[in-house]
K.L.:
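Before I ask anything, here is the structure I am working with.
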Amino acid sequence: MNKKTIRDVELNGKTVFCRVDFNVPLENGEITDDTRIRAALPTIQYLSENGAKVILASHLGRPDGQVKEELRLDPVAKRLSDLLGSAVVKTDEVIGDEVHTAASNLKPGDIMLIENVRFHPGEKKNDPELAKAFADLADIYVNDAFGAAHRAHASTEGVAHHIPAVAGFLLEKELEILGKAMENPERPFTAIIGGAKVKDKIGVIDNLLDKVDNLIIGGGLAYTFIKAMGYEVGKSLLDEEKIDLAKSFMEKAEQKGVNFYTPVDVVVADDFSEDANIKVVPIEDIPSDWEALDIGPKTVEKYAEVIRSSKLVVWNGPMGVFEKDAFAKGTKGIAEALANADGVYSIIGGGDSAAAVEKFDLADKMDHISTGGGASLELMEGKTLPGVAALNDK
Ligand SMILES: Nc1ncnc2c1ncn2[C@@H]1O[C@H](COP(=O)(O)OP(=O)(O)O)[C@@H](O)[C@H]1O
Ligand SMILES: O=C(OP(=O)(O)O)[C@H](O)COP(=O)(O)O
């Protein structure tokens, strides 16, 4: 990597503003998967052990510039303290007097965490004043938030223009592993795209079609394609505005000789709950007032076959609402196929996808679990990540 890292700067006695991605899944205020927190520990411990005063910053969810009580970082601070075995000071503000006082009370080695940066309207706008205010807290900026490195926000990009700015170990490791896999990808190369961030993910498909041999679509993303094929999708997740785009991607795939796979059967429910009525239907028969929440068994079998015939598989986004057991079979089936496929290099990307393979106890059977979903997809597309570009060159 041609960017400076925390190994390249003097840390002793310095205050460091370190952006991490602690955007972890929560259920009733409890963290259900702490992969992203654990992944940032090597950097945090290195900073602390080398005498830095550490100010951590992260987003959680998408609160849209407003304070949302359920998205405060208190459970994250608590889990981080437990993992580190030492207390972490947490502020209730993103910036302002409380943060300045807490920062000025830090001693070398101490660690504090400011409140969810997306509570501040300036964060997502990359507001120069907020970026400067973050920079004014510290001597050095460290970016270890690989999962948010595709966002040009105040704490991921703007702040880096004011003080020396370097990468943390997680960011460095992710760029190294993903860069190596993408440099000269082993073929057949298969990408599996699912999840719920339809707007974000549909955008990457265009460029991916120039790179992959097989493209598999699942999760909430699938229904815009199924609709584009002329079928009704009932109450399933759908991005009406992207139907034509979805159609054009399927045409592009055909022209380029890329095998494009969409579900052939799905699990539908008449309500978004565990005790809803549930059935498996072919995609031609999704009832108008039902919602498709998982891929069906025939689809799993087909996708597993494609996985087994591949050499490199990059998977981003669950195949269904895996958090509920009734809709977890598709995601589990794909995770098992990947875990058991011989000679296939597997890269899993994304907070929820990582949580899914953890939940099924298959994480150690994957070759690389990336903490970034959108970020890894944009890297694979060949894009420069703004959070990386803003760091100091070696
Ligand atoms: N068919 C579906 N309908 C609605 N939501 C879905 C569907 N399939 C998957 N999801 C949801 O997608 C979410 C993950 O999406 P996303 O954030 O895009 O993935 P990742 O974090 O891995 O990048 C999960 O919470 C899952 O419940
Ligand atoms: O969860 C994240 O992305 P991912 O779902 O693509 O892995 C990152 O924390 C970025 O979050 P964002 O997509 O709300 O900017």
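As the structure is a prediction and not an experimental result, all values here were calculated from the model. The figures that follow rest on heavy atoms only: side chains count, while hydrogens, waters and symmetry mates do not.
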K.L.:
Could you pull out all residues at least two apart from Val9 that satisfy side chain to side chain contact (heavy atoms under 4.5 Å, CB included)?
P.N.:
Leu11, Ile140, Val166

K.L.:
Determine which pairs satisfy salt bridge (charged side-chain N to carboxylate O under 4.0 Å, His left out) with at least one residue from residues 142-159, sequence neighbours left out, and list them in order.
P.N.:
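Matches after skipping sequence neighbours: Arg151-Asp200.
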
K.L.:
Go through the structure and list residues passing side chain to side chain donor-acceptor pair (under 3.5 Å) with Glu123, not counting sequence neighbours.
P.N.:
Ser155

K.L.:
Sequence neighbours left out, what passes ring-ring contact (aromatic ring centres under 6.0 Å, His included) with Phe225? Give chain and number order.
P.N.:
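Checked Phe225 against ring-ring contact (aromatic ring centres under 6.0 Å, His included); matches are Phe260.
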
K.L.:
Under the ring-ring contact (aromatic ring centres under 6.0 Å, His included) rule, collect the residues that match up with Phe189, sequence neighbours excluded.
P.N.:
none

K.L.:
Using the test ring-ring contact (aromatic ring centres under 6.0 Å, His included), find all partners of Tyr46 that sit at least two apart in sequence or belong to another chain.
P.N.:
Phe169

K.L.:
Taking salt bridge (Lys or Arg N to Asp or Glu O under 4.0 Å) as the definition, give me every residue that meets it alongside Lys211, ordered by chain and number, with sequence neighbours left out.
P.N.:
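Expected list: none.
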
K.L.:
Mind checking ring-ring contact (aromatic ring centres under 6.0 Å, His included) for Phe17 and listing every partner two or more places apart, or none if nothing turns up?
P.N.:
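Applying ring-ring contact (aromatic ring centres under 6.0 Å, His included) to Phe17 gives Phe134.
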
K.L.:
By side chain to side chain donor-acceptor pair (under 3.5 Å), which residues pair with Lys227, not counting sequence neighbours?
P.N.:
Glu232

K.L.:
With sequence neighbours excluded, give me every side chain to side chain donor-acceptor pair (under 3.5 Å) pair touching residues 327-351.
P.N.:
Ser346-Asp367

K.L.:
State plainly whether the residues Asp271 and Lys235 are in salt-bridge range, i.e. N to O under 4.0 Å.
P.N.:
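Salt bridge: no.
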
K.L.:
I need the full list of side chain to side chain donor-acceptor pair (under 3.5 Å) pairs touching residues 257-270, with sequence neighbours left out, sorted by first then second residue.
P.N.:
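Qualifying pairs, neighbours excluded: Asn214-Asn259, Asp265-Thr299, Asp270-Asn277.
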
K.L.:
Identify each donor-acceptor pair in which a side-chain atom of residues 102-110 lies under 3.5 Å from a protein atom, sequence neighbours left out, and give them as a table.
P.N.:
unit_1 : atom_1 : unit_2 : atom_2 : d
Ser104 : OG     : His100 : O      : 3.1
Ser104 : OG     : Thr101 : O      : 3.0
Asn105 : ND2    : Thr101 : O      : 3.3
Asp110 : OD2    : Lys107 : N      : 2.9

